[in-house]
Amino acid sequence: MNAPQNRRDFLNNVGKGVLATALGPALLAELGLGTASAAEEAAAASGALNFGALEPLVCFMQETPIAKLQSALVAKIKEGIPLDRLVAAGALANARTFGGEDYIGFHTIMALAPALHMSRTMPAELAALPVFKVLYRNTNRIQEFGGRAKEVLHPVTPAPLPAGADAAEELKKLVKAKNTAGAEALFASLSGSPDAMLTALLPSVEEDQEVHRTVLPYRAWDLLPVVGRDHAHTLLRQSLRYCLKAESWRSPEWEKSAQALAKLLSDHHLPRKEQGTKPMTDAQVEELARVIFATSPMEASTAAAKALADGFDPAGVGEAISLAANQLLLRDHGRLPSQETNGKPIGSVHGDSIGVHASDSANAWRNLARVSDPRSTCACLIMGAWQASEDRSNRGGDFLSWEALPMKRHISEVKSDDPAELLKQLDEAIRGNLQARACGIVHHYGTKGLPEKPVFDALLRYAISEDGALHAEKYFRTVSEEFAATRPALRWRHLAGLARVTASEFGRPAPGYAESREVLGLGRTA
């Protein structure tokens, strides 16, 4: 039994509690006016999530006035706080604030891991730029949204899984019933195992093949090595809540794909006891990509299921899906006059274009297949094929007859074989918003067997400096991953697509970018 408190101790503890509530746990810890437990108690009393040792930095990301953020980030780096930890805090601040329910918010958290990956390829003096760009967007949106007072995620009490029930099926029932409290409580009961959470979540994700529903769980998973697996519940909750919110726009089309998936898994006896390991030839990958791109969603997903049932390596099936999605980008005629918005002019393909969305979705399905259980490995690839086909079918336009970039003319106009001259011409094409020419130069460069890194470096510069309508970092990472995971004979198509998007987005600098360069001592322009 604890010793009884005297009057002085009692009043001292009450004073601490009042002070903690008034100042908040982060400021309390920063000022040294209380212990970590006092800060956690204050957070619990206010109904806020608390992230332990990261909590002060998480609150810093939410509360620092946007006009002071960039210089404050530099000060944190000078204190010895690495970029990884700043990204971790930014991700948790984003998750706690938005819970996967704000359009700009969830696009921003999906850009954090890609920005950090980008920074790791850069010289030390430039490495902070992509991270600062996204953290600026993150804090700005948090404060527009309402900051600490408007946080979406709060502590949740776990509820055990009913005896004999399957977690994935039970969770899917609760999501379809729009039972947010029940779904959250069940999901919290799995929080001790990130793998169990992902396994339970994916069947709900698969209910609708929509880009944000697909990409959000993968980008959350991609953050775990940075944020820590002990915060997996917070990151994956965003995907669960997105699925719950999406029930308000459920359509009969969802049932078609769900029924198709169940039938294909059953008809092809998937998953098999042993995952397929047969390599696909270049021709087989190209043919599967053609089928996925050119046929109906049912035919496309059937072709993927058959390839898996025939024992082919899932990686080859994934290659075909991503190449089919890439065709949407290379064949797209760009935004129509009716689709023009601020920052996305007629003919542009950056931002939420069909090709960028399709490529990001294919990349997410492919990566989720890689990290999930055998059943979801098959389901993700089957639904990835369905979505690539459906995106083409629903987009409108005659994608099947439109010629992919670069056309013969654009290739023939590239005269030089000198790498330095080709990179110079690529930069000129980007600055001139010449999408097709940029594709032609990269295609020609790739046919010469030259190393890809100088091209990636040339495009990276603009993925950082330009706004990209919320998609620049994510799509750059998509292409980086797909290029690395696609066979040499076919991979340069992805880099040609990135060149096109880069040329499309040039001319609209990212908010905060010039200031980031200035506070880092790099000058306001490159």
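All residue numbers refer to positions in the sequence shown, counting from 1. Side chains are part of it too, since the values below use all heavy atoms of this structure and drop only hydrogens, waters and symmetry mates.
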*Would you check if the side chain of H154 reaches a backbone N or O of G47 as a donor-acceptor pair within less than 3.5 Å?*
yes

*Option from Q143, R141, R137 for which side chain to side chain contact (heavy atoms under 4.5 Å, CB included) with T139 holds*: Q143

_Is there a side chain to side chain contact (heavy atoms under 4.5 Å, CB included) between Q387 and E210? Walk through the geometry before answering._
CA-CA 8 Å; Q387 184 172 354; E210 183 263 323; 5.5 Å; no

*Minimum heavy-atom distance between L112 and G90, given as atom pair plus value*: CD1-C, 3.9 Å

*Identify the heavy atoms of L520 and A128 that sit nearest to each other, and give their distance.*
CD1-CB, 3.9 Å

*Show your reasoning for whether salt bridge (Lys or Arg N to Asp or Glu O under 4.0 Å) applies to R392 and D332.*
CA-CA 10 Å; R392 192 264 308 158; D332 190 6; over 6 Å; no

*Check the pair Y136, Y513 against ring pair (Phe, Tyr, Trp, His ring centres under 6.0 Å), reporting the backbone distance first and the verdict last.*
CA-CA 9 Å; Y136 181 93; Y513 173 73; over 10 Å; no

_Using a strict threshold of under 4.0 Å (side-chain N to carboxylate O), is an ion pair present between R491 and E452?_
no

*Could you tell me whether the side chain of R500 and the main chain of L329 form a donor-acceptor pair under 3.5 Å?*
yes

_4.5 Å side-chain heavy-atom contact, N179 and E184_ = no

*Considering only NZ, NE, NH1 and NH2 on the basic side and carboxylate oxygens on the acidic side, decide whether R250 and E207 come within less than 4.0 Å.*
yes

*What are the two closest heavy atoms between L69 and L135, and how far apart are they?*
CD2-O, 3.7 Å

*State whether the side chain of R213 and the backbone N or O of V205 hold a donor-acceptor pair below 3.5 Å, judged by distance alone.*
yes

_Take a 6.0 Å sphere around CG of N342 and say whether it holds more than 12 heavy atoms from other residues, nucleotides or ligands._
no

_Modelled atom types, side-chain donor and acceptor of D360 and T478, under 3.5 Å_ = yes

*Take F106 and F98 through the test ring pair (Phe, Tyr, Trp, His ring centres under 6.0 Å) and record every step on the way to the result.*
CA-CA 7 Å; F106 61 67; F98 305 116; 9.2 Å; no

*Do T214 and Q209 meet the criterion of a side-chain donor-acceptor pair at a distance under 3.5 Å?*
no

_Check R477 with E473, please: is the shortest side-chain N to carboxylate O separation under 4.0 Å?_
no

*Evaluate side chain to side chain contact (heavy atoms under 4.5 Å, CB included) for M118 paired with F476, printing each intermediate quantity in order.*
CA-CA 8 Å; M118 291 158 70; F476 187 93; 3.9 Å; yes

*asked:* What's the separation between atom CG in N433 and atom OG1 in T502, rounded to the nearest 0.5 Å?
replied: 11.0 Å

*Keeping the roles fixed (side chain from S353, backbone from V356), state whether a donor-acceptor pair exists under 3.5 Å.*
yes

_N-O pairing of E247 and K178 below 4.0 Å_ = no

*Say you draw a straight line from OG1 of T525 to CZ of R517; how long is it, rounded to the nearest 0.5 Å?*
6.5 Å

*Residues Y103, H212; criterion ring pair (Phe, Tyr, Trp, His ring centres under 6.0 Å); working and verdict*: CA-CA 9 Å; Y103 183 84; H212 308 119; 5.6 Å; yes

*Hey, does the side chain of N326 reach the backbone of R493 with a donor-acceptor pair shorter than 3.5 angstrom?*
yes

*If you measure from CD on E101 to CZ on R241, what distance do you get to the nearest 0.5 Å?*
4.5 Å

*Could you pull out the closest heavy-atom pair between A111 and V134, with the gap in Å?*
CB-CG1, 4.0 Å

_Walk me through whether D102 and K150 qualify under salt bridge (Lys or Arg N to Asp or Glu O under 4.0 Å)._
CA-CA 12 Å; D102 178 72; K150 296 291 185 179; over 6 Å; no

*Side-chain heavy atoms of T97 within contact of V152, under 4.5 Å*: no

*Kindly assign one of parallel, tilted or perpendicular to the pair Y242 and W249, based on the angle between their ring planes and the thresholds 30° and 60°.*
perpendicular

*Does the distance from a Lys or Arg side-chain N to an Asp or Glu carboxylate O, for E63 and R148, drop under 4.0 Å?*
yes

*asked:* Quick test of your reading of the model: are E481 and R370 salt-bridged, counting only N-O distances below 4.0 Å?
replied: no

*Would you sort out whether H107 and H471 count as a ring pair (Phe, Tyr, Trp, His ring centres under 6.0 Å), showing the intermediate values?*
CA-CA 8 Å; H107 274 88; H471 291 70; 4.8 Å; yes

*For the residue pair Y445 and W492, does the interplanar ring angle fall in the parallel (under 30°), tilted (30 to 60°) or perpendicular (over 60°) class?*
tilted

_Check: L49 main-chain N/O paired with R96 side-chain donor or acceptor under 3.5 Å_ = yes

_CG-CG distance between L129 and L522, expressed to the nearest 0.5 angstrom_ = 5.5 Å

_Test: R524 and E518 ion pair at under 4.0 Å_ = yes

_Value rounded to 0.5 Å, distance of CG in L323 from CG in L330_ = 10.0 Å

*List the steps, then state whether side chain to side chain contact (heavy atoms under 4.5 Å, CB included) holds for R366 with I321.*
CA-CA 8 Å; R366 193 177 182 186; I321 295 168; over 6 Å; no

*Side chain of S191, backbone of A188: donor and acceptor closer than 3.5 Å?*
yes

*Rounded to the nearest 0.5 Å, what's the gap from OG on S348 to CD on E505? Could you check?*
10.5 Å

*Is a side-chain donor or acceptor of E466 paired with a backbone partner of Y462 at a separation under 3.5 angstrom?*
no

*Are side-chain N/O atoms of E482 and S359 paired as donor and acceptor at under 3.5 Å?*
no

*asked:* Under a 4.0 Å threshold between the charged nitrogen and the carboxylate oxygen, would R461 count as salt-bridged to D457?
replied: no

_Ignoring hydrogens, what is the shortest heavy-atom contact between H350 and G468? Give both atom names and the distance._
CD2-C, 4.2 Å

_Please tell me whether Q425 and R437 have a donor and an acceptor in their side chains that are separated by less than 3.5 angstrom._
yes

*What heavy-atom pair brings A472 and K133 nearest, and what distance separates the two atoms?*
CB-NZ, 4.2 Å

*Among V156, L171, L174, find the one that has a side chain to side chain contact (heavy atoms under 4.5 Å, CB included) with F187.*
L171

_Using a 3.5 Å distance criterion without hydrogens, assess whether the side chain of S389 forms a donor-acceptor pair with backbone atoms of W386._
no

*Is it true that D467 and K344 have a side-chain N and a carboxylate O under 4.0 angstrom from each other?*
no

*Could you check L83 against L86 for side chain to side chain contact (heavy atoms under 4.5 Å, CB included), going step by step and ending with a plain yes or no?*
CA-CA 5 Å; L83 288 176; L86 293 177; 4.3 Å; yes

*Between D352 and R335, is there a salt bridge with N-O shorter than 4.0 Å?*
yes

*Do any N or O atoms from the side chain of D222 and from the backbone of Y218 form a donor-acceptor pair under 3.5 angstrom?*
no

*asked:* Check this for me: does any side-chain nitrogen of one of R120 and D84 sit under 4.0 Å from a carboxylate oxygen of the other?
replied: yes

